[in-house]
Amino acid sequence: MDLNYKLFMKITFFALAMIFVSQPSKAQSFEGEYGFFDHLGAGVSVGVDGIGIDVATPVTDWAAIRAGISFMPKIKYTKSINLKDEDPALNDEANVEAKLNIFDFKMLADFYPFKTSSFHITAGFFVGSENAVTATSNDIIRNPADYGNVGIKLGNKRVTTDRDGKVTVDMKVNSFKPYIGLGFGRAIPKKNRVSVSCDFGVKFWGKPGLGVSTVKDEWGNISYHKFQYDELGPNDNEDLKDAIEIIEKIKVYPVLNIRVCGRIF
């Protein structure tokens, strides 16, 4: 997680703590009815989908709306790919560093089957980053004189580096991601000032592809392309083909988190 994320989280947690501490003690219990936008709550969640921060307001006793952000820490993973059978100008192996790159705005609606129910059905959407994973490598090409010209052949295109010898590949998904799920707990607590809830569901982010911004066609033109597995041939790099085949199968992203939420008023 970079410095901006750490600073943002510290400020958010401090603000929420000050809000809860500053409330009068007589407001520690509330069991009345919820009306249209007459209360406000805030929550922080941690789970498979990363870290979430949101605010919530009731529509009625049977529904509530949540809006906020969700992001993953910048977790990194390094893997070596085999380039031995590629162009002789390439290194035999190259180290590729992959990094999660998920940051979304979310708008969710919770629906409760009963007035006092903790169980809820949630529907809504996430919208944000298209690059779920970004992978980079700086050691694909042996000779710096070949930077920007030599690369890995994929289909009828060639993945090349920039002028500094760096190649960047993204796992591309839809920026708009519908969501549906189930959960337990109220978006805004009724009986206590603070409570815990949990959610389980899926984000539908479409069919992922391998997006490369430095590709050259047979005429030497650089463009952007989102590779799909069915356009690759038997002579293309097997490691990259396997990666594309795997990520294309991940058409939904699971969401499982625990949310600590509080009623502001």
Side-chain angles (χ1 to χ4, degrees), residues 1-20 41-56 66-81 94-108 122 124-138 166-181 183 185 187 194-206 208-213 243-244 246-262:
M1 187 183 299
D2 60 26
L3 182 60
N4 291 334
Y5 281 154
K6 290 182 179 179
L7 179 60
F8 181 70
M9 289 300 297
K10 287 179 181 179
I11 294 173
T12 302
F13 278 116
F14 177 76
L16 290 176
M18 292 300 294
I19 289 172
F20 295 144
V44 177
S45 62
V46 178
V48 177
D49 57 327
I51 300 170
I53 301 171
D54 62 55
V55 293
R66 289 184 276 151
I69 59 172
S70 177
F71 60 92
M72 290 290 293
K74 300 288 185 176
I75 300 173
K76 297 179 181 179
Y77 172 75
T78 302
K79 177 179 173 56
S80 177
I81 63 172
N95 292 317
V96 178
E97 182 183 84
K99 180 173 62 177
L100 288 174
N101 190 36
I102 298 176
F103 191 102
D104 291 317
F105 167 79
K106 58 183 177 181
M107 177 68 75
L108 305 173
T122 302
F125 63 87
F126 290 70
V127 59
S129 57
E130 295 181 346
N131 300 334
V133 180
T134 297
T136 58
S137 179
N138 292 297
K166 179 179 179 181
V167 63
T168 301
V169 180
D170 298 308
M171 175 181 169
K172 305 291 289 187
V173 297
N174 294 341
S175 60
F176 181 81
K177 313 166 186 75
Y179 172 87
I180 188 167
V194 180
S195 68
V196 178
S197 64
C198 64
D199 284 279
F200 173 73
V202 290
K203 290 192 289 187
F204 298 89
W205 63 8
L210 201 65
V212 182
S213 57
I244 295 174
I246 291 171
I247 66 174
E248 283 188 358
K249 296 177 181 178
I250 311 173
K251 298 179 181 179
V252 298
Y253 185 84
V255 174
L256 175 61
N257 61 47
I258 296 176
R259 176 175 177 265
V260 179
C261 48

Quiz prompt | D104/S129 under side chain to side chain contact (heavy atoms under 4.5 Å, CB included): CA gap, chis, key distance, verdict | solution = CA-CA 6 Å; D104 291 317; S129 57; 4.1 Å; yes
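- Partners of S197 by side chain to side chain donor-acceptor pair (under 3.5 Å), not counting sequence neighbours: none found.
- One distance of note links CG of L100 with CG of N131; it measures 12.0 Å at 0.5 Å rounding.
- Contacts classified as salt bridge (Lys or Arg N to Asp or Glu O under 4.0 Å) and involving residues 125-134 (residues at least two apart or in different chains) are given here: E130-K172.
- Using a 4.0 Å cut-off between charged side-chain N and carboxylate O, D49 and K203 make no salt bridge.
- Taking CZ of F126 as the reference point, atom CZ of F103 lies at 12.0 Å (rounded to 0.5 Å).
- Atom CD in E97 sits 10.5 Å away from atom OG1 in T134 (nearest 0.5 Å).
- For N138, the side-chain contact (heavy atoms from CB on, under 4.5 Å) partners at least two apart in sequence or on another chain are K166.
- For the atom pair CD1 (I75) and CD1 (I102), the distance works out to 9.5 Å, reported to the nearest 0.5 Å.
- Evaluation of the side-chain contact (heavy atoms from CB on, under 4.5 Å) rule for T122 yields R66, L108, D110, H120, Y179, D199 as partners, not counting sequence neighbours.
- I180 pairs by the side-chain contact (heavy atoms from CB on, under 4.5 Å) definition with V202, F204, not counting sequence neighbours.
- With no hydrogens or angles considered, a side-chain donor-acceptor pair links N101 and K74 at under 3.5 Å.
- Residue D170 comes nearest to T168 through the heavy atom pair OD1-CG2, 4.2 Å, listed as atom of the first residue, atom of the second, then distance.
- Applying the side-chain contact (heavy atoms from CB on, under 4.5 Å) rule to S45 yields the partners K106, N257, R259; only residues at least two apart in sequence or on another chain are considered.
- Residue I258 places its CD1 atom among 12 or fewer non-hydrogen atoms of other residues, nucleotides or ligands, all under 6.0 Å distant.
- By the 6.0 Å contact criterion, CZ on F200 is open, its count of non-hydrogen atoms from other residues, nucleotides or ligands being 12 or less.
- Residue G206 comes nearest to P208 through the heavy atom pair O-CD, 3.2 Å, listed as atom of the first residue, atom of the second, then distance.
- For the residue pair W205 and A132, the shortest heavy atom distance occurs at CZ3-CB, 3.9 Å.
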